[in-house]
2 protein chains.
Amino acid sequence: MGKILTMPFDGSKESATATTAPQDVSREDAATFDVLRKMREDILCCALKPDQRLRFGELRQRYGTSVGTLREALSHLVSEGLARTEAGRGFQVAPISLNDFLDLSELRVYLETRTLADAIRHGTDAWEAEIVSSYFLLSKLGKPSPDDPVSLKREWGKRHKRFHDSLVATCTSPWSLHFRSELFDQARRYHWLTMIHARSRRKNEHLELRDAVLARDVALACGLIEKHIRGTVEQAASEVPGLTLEMTKRKKA
Amino acid sequence: MGKILTMPFDGSKESATATTAPQDVSREDAATFDVLRKMREDILCCALKPDQRLRFGELRQRYGTSVGTLREALSHLVSEGLARTEAGRGFQVAPISLNDFLDLSELRVYLETRTLADAIRHGTDAWEAEIVSSYFLLSKLGKPSPDDPVSLKREWGKRHKRFHDSLVATCTSPWSLHFRSELFDQARRYHWLTMIHARSRRKNEHLELRDAVLARDVALACGLIEKHIRGTVEQAASEVPGLTLEMTKRKKA
DNA sequence: AGTCCCGAAAGTTTCGAAAATCCGTTTACA
DNA sequence: TGTAAACGGATTTTCGAAACTTTCGGGACT
């Protein structure tokens with residue numbers, strides 16, 4: 001029972017391990033998990049562009065790890081739909097298209113409303129507190145313009161995700177939450193493109209959403225999030241250049 | 001994503017030493033993919049039992065492959081929800097519980113009806129032909145009793161999956177199909193338990209379903225599949241011993 | 001010119017061993 | 001006698017290299 005696992009004391013009070021990332025409080029899976037997270041973030045933020053070929057040589061240098069570890073991370077990304085692999089031809093970043101965005105957004109409407117409704121019904125004080133907190137952090141930044149630096153966009157993306165996650169945190173259906181999370185990540189790729197290109201501003205839908213959720217108004221909150229998702233799609237469709245209905249023209253020079 | 005291809009694979013043959021398979025037309029990923037498929041099937045059929053620890057030593061012997069390959073396959077299974085992994089404690093088969101079955105079945109009702117309705121609306125002649133064909137193969141076997149040999153149960157499971165896949169094959173939403181497929185595989189674990197333990201017989205719901213789909217009756221077909229899924233849950237809940245609401249009692253012998 | 005074949009180069013896949021980690025047991029000490 | 005550190009065996013995790021596959025380009029033949 002006793003989970004006191006006392007480390008064999010090494011003398012140094014502050015473990016000054018300079019070699020690897022020192023931010024390990026509860027290291028998940030160490031190297032593999034770390035590489036996976038970084039890589040996912042890079043795909044979501046289009047640092048690794050859609051359809052880009054992922055060669056092991058470059059990746060090994062970029063993330064400073066071995067082939068085996070990379071392979072495991074890539075394998076994960078494939079089953080999340082963020083990468084593709086074919087026969088003996090290695091891996092590549094999953095393509096994007098308006099069709100794909102439309103498809104996944106339709107499913108998102110269902111899963112977000114389903115999880116949100118359930119979360120509201122099972123909401124607790126701690127849940128409300130986290131919503132308030134994460135909204136505060138989100139609003140403090142304000143949606144970045146295309147001209148803002150990448151680091152700001154990344155930070156906003158993180159806070160945006162945290163806010164939406166907090167809304168559905170008390171949902172009682174693990175499977176619904178799981179798929180919602182995967183689809184949300186998928187949508188983030190398109191959100192990133194919108195952030196880069198779109199100049200139009202939408203009104204603060206997050207505030208409305210927060211208040212509706214805190215008021216426990218299921219119908220209103222679900223309606224708002226549906227409008228939120230659909231609005232994002234329309235904005236991307238009209239303002240992101242090159243996001244046509246079919247981006248699958250495999251032009252070979 | 002794209003592993004919804006329902007090719008008529010013969011698989012499951014012990015071709016360990018059969019060096020050159022006859023002109024592999026569809027060789028997917030050779031070793032890794034092969035191990036992954038075998039392992040998934042073993043988990044679905046409870047040859048690897050829920051909560052069972054998956055040690056590399058045993059697995060290496062069972063599947064005749066290396067640690068790295070196993071790791072990649074296990075990694076896949078984790079993101080499909082068929083296995084778990086924790087810190088530095090290796091992998092284990094995902095647990096099962098009635099709660100889990102109820103949760104995933106509720107989501108299945110939505111995804112199956114959604115994909116089925118869309119598939120019917122976009123049905124083609126080839127789609128109908130495959131439905132007729134796969135139903136024929138399914139009905140030829142008849143649902144196995146608990147006393148039937150494992151090989152028969154496995155074959156029935158394959159044909160059952162192929163039939164249900166054929167129904168939704170023309171659905172136009174890749175994401176819906178993807179999640180439907182994952183949930184269907186999850187449900188197969190519980191179907192297997194039911195096949196092993198349940199002795200009650202249900203009427204031939206597959207025939208009704210087939211005819212409703214071929215008649216392009218969306219409402220009827222969706223109603224039938226909903227009843228089909230819910231009926232399976234009830235049968236499992238009442239006839240599978242040990243499938244209680246909480247199976248998470250961590251009894252250590 | 002066009003087509004086919006063959007060899008070299010680039011890249012991917014698989015493997016087993018070395019390093020790191022965990023768990024149960026023993027041992028030291030109050 | 002009880003607590004906690006140290007030890008040893010077992011297991012996991014990571015890595016780089018060997019084996020294999022695909023791609024590309026030159027040269028001979030139609």
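Here is how names work: the chains are called A, B, and so on, in the same order as the sequence lines, proteins then strands, and each is numbered from 1. Since the model is a prediction, treat every value here as computed from it, not as a measurement.
- Partner of Leu82(A) under the side-chain contact (heavy atoms from CB on, under 4.5 Å) criterion, chosen from Val93(A), Leu74(A), Ile43(A), Leu48(A): Ile43(A).
- Under 4.0 Å is where a charged nitrogen must lie from a carboxylate oxygen, and between Asp34(A) and Lys38(A) at least one such pair does.
- When the side-chain nitrogen and oxygen atoms of Thr69(B) are compared with OP1 and OP2 of dC15(C), one or more of them lie within a distance under 4.0 Å.
- The distance from atom CD of Glu72(B) to atom C1' of dC15(C) is 13 Å, rounded to the nearest whole Å.
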Short heteroatom pairs, N/O only, protein and nucleotides 7-12 of chain C, under 3.5 Å:
| residue | atom | partner | partner atom | Å |
| --- | --- | --- | --- | --- |
| dT12(C) | OP2 | Phe56(A) | N | 3.3 |

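- Between Arg60(A) atom CZ and dT13(C) atom P there is a gap of 16 Å when expressed in whole angstrom units.
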Residues Glu58(A), Arg53(A); criterion side-chain contact (heavy atoms from CB on, under 4.5 Å); working and verdict: CA-CA 10 Å; Glu58(A) 305 169 11; Arg53(A) 182 113 181 253; over 6 Å; no

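- Rounded to whole angstrom, the span from the CZ atom of Phe33(B) across to the P atom of dT13(C) amounts to 13 Å.
- Rounding to whole angstrom units, NE2 of residue His76(A) and C1' of dT13(D) are separated by 14 Å.
- Atom pair Leu74(B):CG and dT11(D):P shows a separation of 16 Å (rounding to whole Å applied).
- When each of Asp185(B), Thr115(B), Asp165(B) is checked for a side-chain hydrogen bond (donor to acceptor under 3.5 Å, both in side chains) with Arg180(B), only Asp165(B) meets the rule.
- The interatomic distance linking Leu70(A) (CG) with dT13(C) (P) rounds to 12 Å, in whole Å.
- Distance OG/Ser79(B) to CD/Glu182(B): 7.5 Å, rounded to 0.5 Å.
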